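Keep in mind that this is a model prediction, so the values were computed, not measured.
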Amino acid sequence: MAAPLIGILKSLEIHNRWQNAYQDVAGSHLSLLLPSGFQPTRNGKGFEHPGIKAHISFNELKGQTQLTHSQRFTASLVPEGGELLQNEEVLINTFPGKFVKFSRTIPSLIEADGEKMMHLMLSFGAKGHLIILTATYPFNQDKDWGKPLEDCLKSVIYDPERPFKGHRQTEEISFQVDTREAGLHLADFLTEQTQEGLTHRLVFTPDGKDLKQTEHRERIVITEKGWKVESPQAELHRLFQNTFFSSFEVLETQELELDQLAGYEAWAIERSHNWEDGQRLAYLVLLFDENRHYELRCWAEDDKISHLGKFRKVCHSFRLQEAGFDGQA
C-alpha cells in the first residue's frame with residue numbers, strides 16, 4: 001500500500017548565494033550550510049551528528065528530472081508505512097524541485113515496536129541531473145533539529161560546472177590515468193550514492209562531450225566503487241553483461257596486477273545489426289583490493305584489433321594516488 005499523500009502542497013522560491021560558511025559535499029557538485037555538530041562521515045557518504053543519530057546524505061543521478069514534479073515521484077520518495085507531513089514545490093536558484101517531510105518507524109534491536117525516525121528530502125532537477133538530499137534523525141528530536149536540518153537542505157548550492165574546474169571537484173578520486181596519447185578527453189564526472197556505497201565515474205571521449213552529446217562510439221568509462229568485491233570472477237561476468245547491449249564473443253581473459261592491485265583484463269567483439277559495420281571491439285579491466293574496486297571499460301569505433309594497444313596503454317597507466325584526479329581532460 002502506497003504512503004498517503006496528506007501533506008499540503010505549496011510553493012517556495014529560494015535564492016542561495018555563496019558565503020564562507022558553506023561546506024562542500026565531497027564527491028559531488030553540492031555545497032551546504034551545516035548545523036553545528038555535523039561532521040563528514042568516514043565512508044564519504046555525507047555528514048553525521050553522532051550525538052543525536054542524525055545523518056545527511058546525497059544522491060546525484062542523470063536524467064528523469066521531470067519526475068520531480070509528479071505525484072508519482074512524491075509517492076516514490078515516501079516508503080510504505082511512511083506518513084507524509086510536508087510537501088512543497090520549490091525553486092532552488094531557479095532549479096525546480098520538491099521538498100518532503102515524513103515520519104517512519106524502522107525495525108530496532110532496542111525498541112520492541114521499532115524506532116520512529118523523521119526524514120527530510122529535497123530533490124531538484126538541474127542540467128540533466130536529478131539531485132536528492134536527505135536528512136534523517138530521531139522523531140523525538142524534531143522540535144530541536146527539524147528546522148535547522150530543513151534550513152540546511154534548502155541552503156544547497158549546486159554548481160554543475162565545478163567538476164571541470166581542476167583539482168577541487170574530484171578530491172575523492174583515488175586514481176590517475178593518462179589519456180593524452182589516446183586522444184581522449186574528460187567528458188563527464190558523476191558521483192552516485194548506492195546501497196553498497198559511494199561510486200565515482202569518469203567518462204572520456206574523443207571530443208570531450210558526454211555520452212548523450214558525442215557523435216563518437218569510442219569512449220573509456222572508469223568507475224571507482226567504494227566496497228570490496230566478494231567474487232572477482234563473478235563481478236567480471238557481471239561487468240561483461242552490463243557492458244554489451246547485444247551478443248558478444250570474449251576473445252581472451254587474463255590476470256594482471258597494476259600498482260599493487262590484483263585484477264583481470266579481457267577483450268571481446270560486440271555484434272549488433274544497428275551499426276553499418278556490424279560489430280566493434282571492447283576492452284575491460286577489473287582491479288580490486290580489500291576495500292574497493294575499479295571498472296575500466298573501453299569501446300572502439302569498430303572491431304579492428306589495433307584499438308587494443310591504445311586501450312591497454314591507457315588502462316595500464318592506472319596509478320593510485322592520495323586524492324584528486326590529475327589525468328588529462
Apply salt bridge (charged side-chain N to carboxylate O under 4.0 Å, His left out) to Glu88 and Lys98, showing your working.
CA-CA 6 Å; Glu88 294 179 332; Lys98 189 174 290 292; over 6 Å; no
Side chain of [X], backbone of [Y]: donor and acceptor closer than 3.5 Å?
| X | Y | answer |
| --- | --- | --- |
| Ser103 | Met118 | no |
| Asn16 | Lys154 | yes |
| Ser317 | Asp178 | yes |

Inter-residue atom distance Tyr264.OH - Gln233.CD, 0.5 Å rounding:
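Result: 4.0 Å between the selected atoms.
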Could you go through Tyr283 and Glu265, starting from their C-alpha distance and side-chain angles, then the distance that decides it, and tell me whether this counts as side-chain hydrogen bond (donor to acceptor under 3.5 Å, both in side chains)?
CA-CA 7 Å; Tyr283 173 69; Glu265 64 178 343; 2.4 Å; yes
Here's a test for you: under side chain to side chain contact (heavy atoms under 4.5 Å, CB included), which of Val314, Thr205, Val203, Leu296 qualifies with Ile220?
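Only one of Val314, Thr205, Val203, Leu296 forms a side chain to side chain contact (heavy atoms under 4.5 Å, CB included) with Ile220, namely Val314.
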Taking NZ, NE, NH1 and NH2 as the nitrogens, is one of them in [X] or [Y] under 4.0 Å from a carboxylate oxygen of the other?
| X | Y | value |
| --- | --- | --- |
| Glu83 | Arg104 | no |
| Asp142 | Lys101 | yes |
| Arg238 | Glu235 | yes |

Do Lys228 and Phe288 form a cation-pi contact, if we require the NZ or CZ to be under 6.0 Å from the six-membered ring centre and within 45 degrees of the ring's axis?
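The answer is no; the distance or angle limit is not met.
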Derivation of the ring pair (Phe, Tyr, Trp, His ring centres under 6.0 Å) call for Trp299 and His307
CA-CA 9 Å; Trp299 291 268; His307 296 291; over 10 Å; no
Below 30° counts as parallel, above 60° as perpendicular, anything between as tilted: where do the rings of Tyr294 and Phe318 land?
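Rings of Tyr294 and Phe318: perpendicular, over 60°.
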Which label fits Tyr158 and Phe124: parallel for a plane angle under 30°, tilted from 30 to 60°, or perpendicular past 60°?
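Aromatic pair Tyr158/Phe124 classed perpendicular.
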Take Glu115 and Lys53 through the test salt bridge (charged side-chain N to carboxylate O under 4.0 Å, His left out) and record every step on the way to the result.
CA-CA 12 Å; Glu115 183 177 11; Lys53 295 174 60 178; 3.0 Å; yes
Between Gln23 and Ser31, do the side chains contain a donor N or O and an acceptor N or O under 3.5 Å apart?
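Not at all, the side chains of Ser31 and Gln23 share no donor-acceptor pair under 3.5 Å.
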